[in-house]
Amino acid sequence: MAHSDLTPATGVLLIAPPMMDDPNFKRTIVLLCEHGEDGSFGLILNRTMTLPLSDIVDGMAEYSGPLFEGGPVQQNTLHVLHRHGERVGETREIAAEVYWGGDFDAIRAMLASQEASDTEFRFFLGYAGWSPGQLAAEIEQGGWILAASDESIVFSSEPSRLWSDALRRLGGEFALLANYPEDPRMN
């Protein structure tokens with residue numbers, strides 16, 4: 001779906017334009033997990049941490065995938081995106097084949113029994129949040145590029161390339177932005 005056809009909604013991606021200099025969101029992609037009159041909640045998809053999940057959650061030694069920085073808000077909270085729907089307890093579908101939340105004991109059991117693989121889960125510390133009207137104002141000012149999401153983006157095997165890959169995927173002027181230098185003075 002083209003950028004101009006989208007409005008903020010659950011399952012929409014927010015791509016930081018290359019000129020954004022806010023260190024919390026520079027060159028990030030945020031998946032909106034909730035959007036409504038009470039505000040917006042999202043998770044940064046392309047900012048991995050060096051901390052392993054097993055250091056913060058007991059019984060997750062079998063998970064060797066990356067832990068992500070979900071955003072600057074409440075970095076002491078843990079969130080999960082996955083591909084397993086109701087198999088992990090109460091969960092919410094965010095986009096086709098992308099679910100948010102669930103029972104960590106069920107997730108632990110699925111990973112321990114190898115019923116599921118690391119590539120089917122993404123764990124995040126913290127989140128990105130916006131108060132009512134804040135995100136709309138940021139978008140109006142050119143603060144975000146909107147794009148459709150799908151499971152290949154959310155569960156990308158190359159999170160470090162996700163920002164530029166998502167812009168290229170939009171095509172046209174957005175594909176050109178994917179090559180924008182981090183520091184234009186160095187161009």
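As a basis for the values below, the full set of heavy atoms in this structure was taken, side chains included, without hydrogen atoms, waters or symmetry mates. Along the sequence shown, the residues carry numbers beginning at 1. Only a predicted model underlies this, so the values are computations on that prediction, with no experimental measurement involved.
- One finds the CE atom of Met49 at 5.0 Å from the CG atom of Leu125 (value rounded to the nearest 0.5 Å).
- Residues Leu32 and Leu14 are in side-chain contact: their nearest non-hydrogen atoms beyond the backbone lie under 4.5 Å apart.
- Arg47 places no side-chain N or O within 3.5 Å of a backbone atom of Arg27 that could act as its donor or acceptor partner.
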### Task
Dump the intermediate steps for ring pair (Phe, Tyr, Trp, His ring centres under 6.0 Å) on Trp100 and Phe41, then the final yes or no.
CA-CA 12 Å; Trp100 171 39; Phe41 172 100; 4.8 Å; yes
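- Counting only distance, with no hydrogens or angles, the side chain of Tyr63 and the backbone of Pro66 share a donor-acceptor pair below 3.5 Å.
- Distance alone, capped at 3.5 Å, places no donor-acceptor pair between the Gln114 side chain and the Met110 backbone.
- Across Gly142 and Pro17, no two heavy atoms sit closer than the pair O-CG, 3.5 Å.
- Ring geometry for Tyr127 versus His79: interplanar angle over 60°, hence perpendicular rather than tilted (30 to 60°).
- Side-chain contact of His35 with Ser40: a donor-acceptor pair under 3.5 Å is present, judged by distance alone.
- Connection of Ile94 to Phe155 is established within a shared hydrophobic cluster, with ILVMFWY side chains joined at heavy-atom distances below 4.5 Å, either directly or through further cluster members.
- A distance-only check finds a donor-acceptor pair linking the side chain of Asp118 to the backbone of Ser64 [under 3.5 Å].
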### Message
Set out, in order, the CA-CA distance, both residues' side-chain angles and the distance that settles salt bridge (charged side-chain N to carboxylate O under 4.0 Å, His left out) for Asp150 and Arg169, then state yes or no.
### Response
CA-CA 12 Å; Asp150 64 44; Arg169 193 170 150 169; 2.3 Å; yes
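- Considering OG1 of Thr48 and CG of Leu162, their distance stands at 11.0 Å, rounded to 0.5 Å.
- Between Ala178 and Ser164, the shortest heavy-atom distance links the atoms CB-O, 3.5 Å.
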#### Entry: Asp55 and Leu67: CA distance, side-chain angles, deciding distance, side-chain contact (heavy atoms from CB on, under 4.5 Å) verdict
CA-CA 10 Å; Asp55 280 5; Leu67 177 62; over 6 Å; no
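- There is a path of hydrophobic side-chain contacts, each under 4.5 Å, that joins Val73 to Ile29.
- A continuous path of ILVMFWY side-chain contacts below 4.5 Å connects Leu135 to Met20, so both sit in one hydrophobic cluster.
- Remark: side-chain polar atoms of Arg122 are paired, donor with acceptor, to backbone N or O of Ser156 under 3.5 angstrom.
- Interatomic distance, Leu43 CG to Phe124 CZ, rounded to the nearest 0.5 Å: 5.0 Å.
- Glu93 is not listed as a side-chain neighbour of Thr10, based on a closest heavy-atom distance of 4.5 Å or more.
- For Thr91 and His82, the side-chain atoms include at least one donor-acceptor pair closer than 3.5 Å.
- Closest approach of Val30 and Ala128 over heavy atoms only: CG1-CB, 4.4 Å.
- For the atom pair CD1 of Ile139 and CG of Leu146, the computed distance is 4.5 Å after rounding to the nearest 0.5 Å.
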### Message
Is there a side-chain contact (heavy atoms from CB on, under 4.5 Å) between Thr7 and Val12? Walk through the geometry before answering.
### Response
CA-CA 8 Å; Thr7 59; Val12 168; over 6 Å; no
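- In this structure, Arg83 and Glu151 approach most closely via the heavy-atom pair NE-OE1, 3.3 Å.
- In this structure, Phe123 CZ and Leu53 CG are separated by 5.5 Å, a value rounded to the nearest 0.5 Å.
- Residues Tyr99 and Val80 are members of separate hydrophobic clusters, defined by side-chain heavy-atom contacts under 4.5 angstrom among Ile, Leu, Val, Met, Phe, Trp and Tyr.
- Counting only N and O atoms by type, the side chains of Ser131 and Gln134 include a donor and acceptor under 3.5 Å apart.
- For the side chain to side chain contact (heavy atoms under 4.5 Å, CB included) with Leu31, the qualifying choice from Ile44, Ile153, Leu13 is Leu13, the only one to do so.
- When all heavy atoms are compared, the tightest approach of Gln75 to Pro72 is NE2-CA, 3.8 Å.
- With 3.5 Å as the limit, one finds no donor-acceptor pair spanning the side chains of Asn46 and Thr28.
- The two atoms that bring Trp163 and Ala16 nearest to each other are NE1-O, 2.7 Å, heavy atoms only.
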### Query
Step by step, would you call Ile56 with Leu78 a side-chain contact (heavy atoms from CB on, under 4.5 Å)?
CA-CA 9 Å; Ile56 59 167; Leu78 184 65; 4.1 Å; yes
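- Note on Ile15 and Leu81: same hydrophobic cluster, where clusters join Ile, Leu, Val, Met, Phe, Trp and Tyr whose side-chain heavy atoms are under 4.5 Å apart, directly or indirectly.
- Under a 3.5 Å cut-off, the side chain of Glu120 and the backbone N or O of Ser117 do form a donor-acceptor pair.
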### Task
Please lay out, stage by stage, how Arg108 and Glu62 fare under the test salt bridge (charged side-chain N to carboxylate O under 4.0 Å, His left out).
CA-CA 8 Å; Arg108 228 184 250 121; Glu62 54 282 321; 5.9 Å; no
